[in-house]
Structures are given as C-alpha cells and as structure tokens.
Amino acid sequence: MRSPAHRCRDIERQAGYLQPDQCVPPPPRATTDSMWFIQDGCGIVCGVITWLLVFYAEFVVLFVMLVPSKSLVYSIINGVLFNVLAFLALASHFRAMLTDPGAVPKGNATKEFIESLQLKPGQVVYKCPKCCSIKPDRAHHCSVCKRCIRKMDHHCPWVNNCVGEENQKYFVLFTMYIALISLHCLVMVVFHFLYCFEEDWAKCSTFSPPATVILLILLCFEGLLFLIFTSVMFGTQIHSICTDETGIERLKGETPTWERKRCWEGMKAVFGGPLSLGWFSPFSGLSCEKRPSTRVHAAEGEIIREDVIEVLEEC
C-alpha cells in the first residue's frame with residue numbers, strides 16, 4: 001500500500017500527463033547564482049529579534065557582570081569566551097539564513113526537459129504542481145520559500161529559511177552555539193548574584209540595585225528559555241542525521257525508499273567530510289559527493305536507479 005505522502009504527488013511515466021505546456025521555462029543560470037534570501041515578513045522579524053536578543057545578552061554580560069568585576073582574569077576569560085561563542089552563533093545564523101537549502105530548479109518540468117531525460121520503461125518522475133518542477137526523491141515543497149527543497153527538514157522562522165541538504169550544518173551550529181552561550185550566561189548570572197549578596201549591591205554593578213536585578217532576571221529568563229529550546233532542536237537535528245530521516249519524513253510517516261546512511265556517514269555528509277575543526281566552523285564549505293538515488297516502484301516492487309535525480313543534485 002502507498003503512504004498518504006505518495007498519493008499527494010503527481011506521478012506518471014509519460015510527459016504528456018505532467019502537463020509540461022503549463023510550465024514556464026526556468027530562469028537563466030546567471031540569476032540562480034544570486035544571493036538566497038526569503039522575503040517573508042514573519043521570518044525577517046524573527047531573524048532581527050534573534051540578533052537583538054544576542055546583543056542584549058552581550059550588553060548585560062559586559063556592563064553588568066564583567067566590567068564591575070574585581071577580578072581582571074575572570075572578566076577577560078569570560079568576556080573572550082562569550083564573545084567568541086556569540087560571534088560563531090551569529091555567523092552560523094547568517095549562513096543558515098542566506099544559504100540555498102537545496103532548492104530544486106523552478107519550472108524545469110517543460111516538455112523539452114522531460115523529453116531530454118530519455119526516461120526508460122519503469123522509470124518514474126515526480127512533478128510538483130506548485131512550482132512546476134521535476135521533484136527529486138526526498139524533496140518537499142515549502143509554502144513559505146515557494147520552492148521544492150531537497151531533504152527538507154522543516155522551515156524555521158528564526159533563520160527565515162528552510163533547513164535542508166545544503167544548510168543543515170549551519171543550522172545545527174547555530175542551535176549548538178546559542179545553547180552554549182545561554183548556558184554560559186546562566187552560570188555567570190548565578191555567580192554574579194552570589195557575589196552581589198556577599199558584597200554591597202551598589203558596588204557589584206555600575207547600575208542601581210533595582211536595575212541590576214531586573215537586567216539579570218531578564219537575562220536569566222532569556223538564557224533558560226533559549227537553552228531549553230535550542231538544546232531540543234540540536235538533539236532533534238542530530239537524531240535526524242543519525243537516522244537519515246528528516247523531520248517532515250518522520251512527521252508524515254513516510255516509508256523509507258532510500259538506502260539509509262549510518263550515523264557517522266550521515267554526520268560526515270552534513271558537516272563536509274571527516275571529523276575536523278571545520279565541522280565547528282560556519283565559514284567552511286560543504287564537500288559535494290554526487291550519488292545516484294534509488295526509489296522503490298510502488299506497483300512492481302522493483303528498485304529503479306533514476307538518472308534524473310543526478311541532474312537535479314549537481315553540486
């Protein structure tokens with residue numbers, strides 16, 4: 001039996017059924033190399049809020065806790081550590097937001113393109129009726145990005161982008177670094193409260209005692225909230241990588257029709273090669289390795305190697 005996800009997809013071996021005449025030819029190659037940015041109001045607001053919250057934490061950490069500290073070594077060590085983690089978090093957010101997550105060429109389901117594939121008997125092509133593209137295996141259409149995304153996990157408004165094949169690394173790094181700076185903030189807040197209780201509140205901060213308490217409580221609330229949220233998201237992403245199953249595939253209960261990668265192989269594919277410091281850098285690129293995908297034919301139960309997927313998954 002076919003899963004509900006397959007019933008929603010336009011499946012046919014003949015080009016005529018796919019109505020290629022209704023598809024507009026894809027744009028020239030030069031326009032697809034422009035910067036990727038989703039013009040979604042909600043996502044832009046969430047992205048700006050993310051940066052403002054990090055800047056608020058930076059302000060409280062520096063001017064409420066570290067500058068008034070009597071220990072210069074304590075201030076330098078924690079100041080450098082926090083700023084490095086914050087810089088990596090914002091850089092990861094920037095890359096996750098402005099990196100093409102793996103969008104399928106839009107409007108390529110034209111008659112000429114389908115005929116050029118020279119499909120053999122038994123081969124199946126999938127067409128997305130919304131963006132009029134030939135859809136590779138494990139690709140899903142995003143209603144916000146208005147594109148089909150390869151290995152789409154979900155659309156995240158906090159990065160104003162989909163999390164897919166090409167930017168999952170940056171999203172994982174973003175959640176990891178935000179969780180680390182949130183934990184760092186909470187530890188410093190606890191130590192600063194203890195320091196203020198032992199000393200005079202007027203001397204433990206450059207602000208008045210009521211303002212100091214309010215700023216620290218707000219930072220504590222922010223750190224606790226984002227520590228829980230990003231830790232859960234980080235764990236979910238690592239689980240998806242290790243099981244080679246995206247969030248959408250797990251939510252829809254799709255039957256795996258692909259050869260699952262082992263956990264370590266999946267980690268190397270997402271983070272760009274063998275374990276190295278580049279795994280933790282939002283500035284290192286991804287190494288591309290083109291592999292032909294397979295799909296199980298629902299009617300005949302045979303495994304079909306689809307050359308059409310290789311065309312759409314070029315690095």
Side-chain angles (χ1 to χ4, degrees), residues 43 46-99 153 156-161 163 167-195 204-206 212 215-241 267 270-273 275-286:
C46 290
V48 172
I49 291 176
T50 301
W51 282 63
L52 291 179
L53 289 174
V54 174
F55 289 149
Y56 171 77
E58 174 82 16
F59 170 78
V60 176
V61 167
L62 289 180
F63 296 103
V64 177
M65 292 188 288
L66 296 184
V67 172
S69 177
K70 295 181 179 180
S71 175
L72 181 62
V73 176
Y74 174 85
S75 298
I76 293 177
I77 293 177
N78 285 280
V80 171
L81 178 60
F82 179 85
N83 280 279
V84 169
L85 292 176
F87 173 75
L88 292 173
L90 293 179
S92 300
H93 181 272
F94 189 79
R95 291 297 301 273
M97 180 172 56
L98 299 182
T99 300
D153 187 87
C156 179
W158 294 105
V159 297
N160 189 34
N161 201 0
V163 178
N167 69 341
Q168 188 175 24
K169 168 188 175 178
Y170 308 124
F171 182 76
V172 173
L173 292 180
F174 167 66
T175 57
M176 181 183 73
Y177 287 128
I178 289 294
L180 289 177
I181 64 174
S182 298
L183 179 62
H184 189 205
C185 285
L186 290 174
V187 173
M188 285 192 293
V189 167
V190 171
F191 277 104
H192 197 72
F193 265 122
L194 294 176
Y195 169 72
C204 70
S205 175
T206 55
T212 301
L215 291 173
L216 291 177
I217 290 178
L218 290 177
L219 180 61
C220 185
F221 178 76
E222 176 190 341
L224 184 61
L225 179 64
F226 277 91
L227 174 62
I228 296 174
F229 177 72
T230 55
S231 297
V232 171
M233 289 301 301
F234 175 79
T236 302
Q237 290 297 303
I238 296 299
H239 178 265
S240 296
I241 296 172
M267 295 288 286
V270 170
F271 289 94
L275 178 61
S276 64
L277 291 177
W279 277 30
F280 307 98
S281 171
F283 304 103
S284 62
L286 303 179

I'd like to know whether T50 forms a side-chain contact (heavy atoms from CB on, under 4.5 Å) with F174, so could you lay out the CA-CA distance, the side-chain angles of the two residues, the decisive distance to 0.1 Å, and finally the verdict.
CA-CA 11 Å; T50 301; F174 167 66; 3.9 Å; yes
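- The heavy-atom pair separating L215 from Y56 by the smallest distance is O-OH, 3.1 Å.
- With sequence neighbours excluded, the residues satisfying side-chain hydrogen bond (donor to acceptor under 3.5 Å, both in side chains) with Q237 are D153, Q168.
- Counting non-hydrogen atoms of other residues, nucleotides and ligands closer than 6.0 Å to CG of L277 gives a total of 12 or fewer.
- Considering V189, L216, L66 as possible partners of V60, the one that fulfils the side chain to side chain contact (heavy atoms under 4.5 Å, CB included) test is L216.
- Side-chain atoms of S92 and K169 form no donor-acceptor pair, as typed in the model, at a separation below 3.5 Å.
- Distance alone, capped at 3.5 Å, is enough to place a donor-acceptor pair between the S284 side chain and the S281 backbone.
- Using modelled atom types, no side-chain atom of R95 and backbone atom of Y170 make a donor-acceptor pair closer than 3.5 Å.
- In this structure, Y177 OH and F87 CZ are separated by 11.0 Å, a value rounded to the nearest 0.5 Å.
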Verdict with supporting geometry, N160 and C46, side-chain contact (heavy atoms from CB on, under 4.5 Å)
CA-CA 7 Å; N160 189 34; C46 290; over 6 Å; no
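- Scanning both residues, W279 and G273, for their nearest heavy atoms gives NE1-O, 2.9 Å.
- E222 contributes atom CD, which lies 11.5 Å from atom CG of L227 (distance to the nearest 0.5 angstrom).
- The CZ atom of F59 lies 11.0 Å from the CG atom of L219; values are rounded to the nearest 0.5 Å.
- The CG atom of N167 sits 10.5 Å away from the CG atom of L98 when rounded to the nearest 0.5 Å.
- Put simply, the side chain of W158 never gets that close to the backbone of I49: no donor and acceptor are under 3.5 Å apart.
- For residues 59-82, the pairs satisfying side chain to side chain donor-acceptor pair (under 3.5 Å) are N78-H184, with sequence neighbours left out.
- Across all their heavy atoms, C220 and L186 have their closest contact at O-CD2, 3.4 Å.
- By the neighbour-count criterion of 12 heavy atoms within 6.0 Å, atom CZ of F283 is densely surrounded, having more than that number from other residues, nucleotides or ligands.
- Atom CD1 in I238 sits 4.5 Å away from atom CD1 in I241 (nearest 0.5 Å).
- Scanning all heavy atoms of the two residues, the minimum distance from L173 to P282 falls at CD1-N, 3.9 Å.
- Contact check for M176 versus T230: no side-chain heavy atoms found under the 4.5 Å cut-off.
- A 4.5 Å side-chain heavy-atom check between S182 and L224 finds every atom pair outside the cut-off.
- With hydrogens and angles ignored, the 3.5 Å screen pairs a side-chain donor or acceptor of N161 with a backbone N or O of A96.
- Residues I181 and A86 approach most closely at CG2-N, 3.7 Å, considering heavy atoms.
- In this structure, a donor-acceptor pair under 3.5 Å is present between the side chains of H93 and W51.
- A search for side-chain hydrogen bond (donor to acceptor under 3.5 Å, both in side chains) contacts involving T175 returns nothing, not counting sequence neighbours.
- Atom CZ in F193 sits 5.0 Å away from atom CD1 in I217 (nearest 0.5 Å).
- Using cut-offs of 30° and 60° on the angle between ring planes, the pair F229 and F226 is perpendicular.
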